[in-house]
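Okay, so here's the structure we're looking at.
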Amino acid sequence: MSSNTRPLLTYTVLVVIVMIGLGILLAQLTRGYFVNIFEQRIEVESQYFANYIEQYAKDNDVNEAELLDFSEQFQTGMVLISDDGEELINTLEVLPTITDEEKQSIVAQAMESDSVDQEGRIVDNVFYYPVNIDYERIDGTLLLLSPVKSLTNITKNIWLLIGVTLLLGLLAIFFIGFNIFSKYIRPIRSASVVATELAEGNYKARTYEGHFGEAGQLSRSINILARNLQEMTSTKGMQENQLEAVINNMGNGLVLIDEKGYILLVNRAFLETFGGDGDEYISYLYHDAIPHTAIHDTVQKIIMFEETISETFVLPVNINRKHLEVTGAPILSENQKWKGVVLVFHDITELKQLEQMRKDFVANVSHELKTPITSIRGFSETLLDGAMKDEAMLEQFLQIILKESGRLQSLIQDLLELSKLEREDFRLNIESIDIHKLLEDLTPIVKQHAEQKGVKLETDLQGESYIEGDSSRLKQVFMNLLTNAVNYTPEGGTVSVTLEDTKNLTRVSVSDNGVGIPEEEISRIFERFYRVDKARSRNSGGTGLGLAIVKHIVEGHDGTIHVESEIDRGTTFHVEIPKKFTEN
């Protein structure tokens with residue numbers, strides 16, 4: 001059964017029960033009233049009948065026709081039965097509405113010993129009233145019978161009236177109930193359903209506002225509440241999304257710790273730095289989840305002094321080390337109540353590396369310049385002191401001065417070249433280049449140098465590969481790589497050049513079977529002035545800037561360079577350059 005119709009059905013059943021009870025009560029009251037009226041009337045009429053019977057008993061002059069006429073006038077039949085059970089008078093034929101069976105049944109019931117008690121009764125819509133007769137010639141019981149169809153009609157009319165009233169009442173109840181339901185119950189239920197959905201988090205739920213009165217006001221208030229909640233939720237969701245986006249896209253790691261020491265939040269940068277998943281940190285104590293004493297000390301200092309603290313520490317990552325600066329600040333409520341700690345981790349590894357590179361660069365430049373300048377000055381002073389008079393020594397010293405000045409010139413030229421490549425306004429002269437032809441043009445130059453050292457040069461250049469780039473700069477790259485390969489390959493070794501062409505890339509590999517590079521040194525060979533074997537590098541005539549220049553030129557072409565090497569087995573440099581140049 002629908003909850004919408006249950007109240008209406010309840011009220012209907014209640015009204016039906018009340019009306020039926022009222023009908024039964026009215027029927028009983030009406031019956032009693034009519035019985036009293038009939039009894040009073042019959043009682044009065046019984047005196048006439050008794051007097052008439054008494055006269056009949058005295059002179060025996062009253063004939064049967066007069067008795068029938070008398071009964072017909074009163075519409076009351078009479079039966080006189082002697083004490084011996086003999087029927088002396090019977091005028092029931094004046095009552096044609098009563099059948100013979102009914103007459104016999106009524107007379108039989110009335111003549112029972114416990115029924116002849118001078119009290120009227122109704123049997124089968126017939127009212128009978130017994131009267132005891134005790135005259136000189138007649139002793140017995142006089143039964144007066146009168147039909148009471150009017151009572152039956154009145155009872156039927158009462159039930160008919162009650163039925164009509166009940167029908168009208170039900171219609172009125174239905175109309176009023178539907179009106180009440182539509183105007184009050186339905187909007188309240190609708191508002192209740194919407195309130196339940198709002199409580200469950202569905203802030204898009206709305207109720208109908210076309211009602212009036214307090215129900216309409218309730219509906220409007222519920223809808224206003226729903227709209228406000230939806231706006232608040234939408235705003236809050238946007239703010240949370242924005243805050244989450246900001247936190248997760250921060251370049252620095254972030255950790256939020258509550259007042260009890262449990263981690264509430266970590267961002268993506270923190271996980272990338274320290275590793276692991278968020279589930280491994282959130283809801284854990286900070287000193288259990290983060291195994292670094294420097295961080296523990298920082299948090300304890302913040303808690304102790306309640307001020308912003310900055311510390312630096314080194315984080316080992318595989319074979320590398322990261323330099324981190326952690327800045328922590330206390331979180332206090334408006335009433336200065338302790339709420340927790342926020343930690344921000346700054347990765348200063350690049351700054352440290354740049355600082356170290358600057359120091360190394362200054363030291364290396366000073367060292368590299370000092371050697372040729374010292375040589376030039378020393379030999380010049382020796383010549384001025386008298387050695388110039390010795391022609392053999394003069395020529396030897398001048399050769400050394402020329403060599404050192406040439407080395408100094410190469411160093412300065414490479415420094416200027418590297419500085420030029422690192423300038424922001426540096427631009428490449430982009431043109432279509434056939435890499436196959438470019439490498440073929442370089443081969444004779446390098447081959448002559450290789451033959452002088454007793455090194456074999458092999459090439460595997462297949463097909464044509466056109467790319468967009470700066471031909472002079474790319475020649476500088478491959479010339480540097482080939483020269484290095486020849487210089488670091490012992491006599492009898494082999495240097496090979498391979499060209500591979502793919503859909504979007506051109507790959508040039510320069511390999512040798514020379515001295516090789518230690519694994520721990522590979523990541524540093526592109527640094528300025530960095531030398532794996534310092535004595536050998538200097539003797540080969542290198543400035544220590546060649547690979548740094550190579551890396552800048554390759555990256556300027558949006559390309560990549562990486563190294564594979566094993567000690568005493570050789571080294572391979574792979575240069576990959578996109579065929580289509582993209583202006584950055």
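Not measured: the values here are computed from a predicted model. Index from 1, following the sequence.
- Annotation: Asp279, atom CG; neighbour count of heavy atoms from other residues, nucleotides and ligands within 6.0 Å does not exceed 12.
- Looking at heavy atoms from C-beta onward, Ile435 lies out of side-chain contact with Asp501 at the 4.5 angstrom threshold.
- Residue Val510 comes nearest to Leu481 through the heavy atom pair CG1-O, 4.0 Å, listed as atom of the first residue, atom of the second, then distance.
- Within the 4.5 Å cutoff, the side chain of Phe573 has no heavy atoms near those of the Phe478 side chain.
- A salt bridge links Asp441 and Lys437; the closest N-O separation between the charged side-chain nitrogens and carboxylate oxygens is under 4.0 Å.
- Judged purely by atom type and a 3.5 angstrom limit, Asp277 has no side-chain atom pairing as donor or acceptor with the backbone of Glu280.
- Between Phe270 and Tyr281, a ring centre-to-centre spacing shorter than 6.0 Å is recorded.
- The aromatic ring centres of Tyr286 and Tyr262 sit 6.0 Å or more apart.
- Among all heavy-atom pairs drawn from Thr308 and Ala329, the shortest one is OG1-CB, 3.7 Å.
- Counting heavy atoms from C-beta on, the side chains of Lys580 and Asn504 never come closer than 4.5 Å.
- Nearest heavy-atom pair, Ala289 versus Tyr284, reported as atom, atom and distance to 0.1 Å: CB-CB, 4.0 Å.
- For the atom pair His287 NE2 and Gln300 CD, the distance stands at 8.5 Å (nearest 0.5 Å).
- A donor-acceptor pair is defined here as one N or O able to donate and one able to accept, closer than 3.5 Å; such a pair exists between the side chain of Asn267 and the backbone of Leu254.
- A distance-only check finds no donor-acceptor pair linking the side chain of Asn252 to the backbone of His346 [under 3.5 Å].
- Checking side-chain atoms of Asn480 against main-chain N and O of Gln476 turns up no donor-acceptor pair under 3.5 Å.
- Residues Ala269 and Gly253 come closest through the heavy atom pair CB-N, 3.8 Å.
- Contact between Ile290 and His296 at its shortest, heavy atoms only, is O-NE2, 2.5 Å.
- Taking CG of Leu285 as the start and CD1 of Ile263 as the end, the distance is 8.5 Å to the nearest 0.5 Å.
- Between the side chains of His449 and Asn487, at least one donor N or O lies within less than 3.5 Å of an accepting N or O.
- In this structure a side-chain-to-backbone donor-acceptor pair under 3.5 Å is missing from His323 to Glu350.
- Checking side-chain atoms of Ser333 against main-chain N and O of Lys337 turns up a donor-acceptor pair under 3.5 Å.
- Between the side chains of Ser509 and His574, at least one donor N or O lies within less than 3.5 Å of an accepting N or O.
- In this structure a side-chain-to-backbone donor-acceptor pair under 3.5 Å is present from Ser565 to Gly570.
- For the residue pair Leu271 and Val266, the shortest heavy atom distance occurs at CD2-CG2, 4.1 Å.
- Salt bridge present: Glu576 and Arg507 bring a charged side-chain N and a carboxylate O closer than 4.0 Å.
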query: After noting the C-alpha distance and the side-chain angles of Glu306 and Trp338, does the key distance pass the side-chain contact (heavy atoms from CB on, under 4.5 Å) rule?
result: CA-CA 9 Å; Glu306 294 188 0; Trp338 183 262; 3.8 Å; yes

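- Side chains of Ile331 and Ile257 form no contact here, defined as non-hydrogen atoms less than 4.5 Å apart.
- To the nearest 0.5 Å, the span separating CG on Leu264 from CD1 on Ile282 amounts to 8.5 Å.
- Of the candidates Asp460, Thr506, Thr459, Leu438, Leu499 forms a side chain to side chain contact (heavy atoms under 4.5 Å, CB included) with just one, namely Thr506.
- Of the possible donor and acceptor atoms, none in the side chain of His557 sits under 3.5 Å from a partner among the backbone N and O of Lys579.
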message: Please evaluate residues Glu491 and Lys453 with respect to the criterion salt bridge (Lys or Arg N to Asp or Glu O under 4.0 Å), reporting the C-alpha separation (whole Å), side-chain torsions for both, the decisive distance (0.1 Å), and the verdict.
response: CA-CA 6 Å; Glu491 185 177 351; Lys453 280 201 64 177; over 6 Å; no

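- Using a cutoff of 4.0 Å between basic side-chain nitrogens and carboxylate oxygens, Lys301 and Glu311 are scored as salt-bridged.
- Of the possible polar contacts, none joining the Asn513 side chain to the Gly493 backbone as a donor-acceptor pair under 3.5 Å is found.
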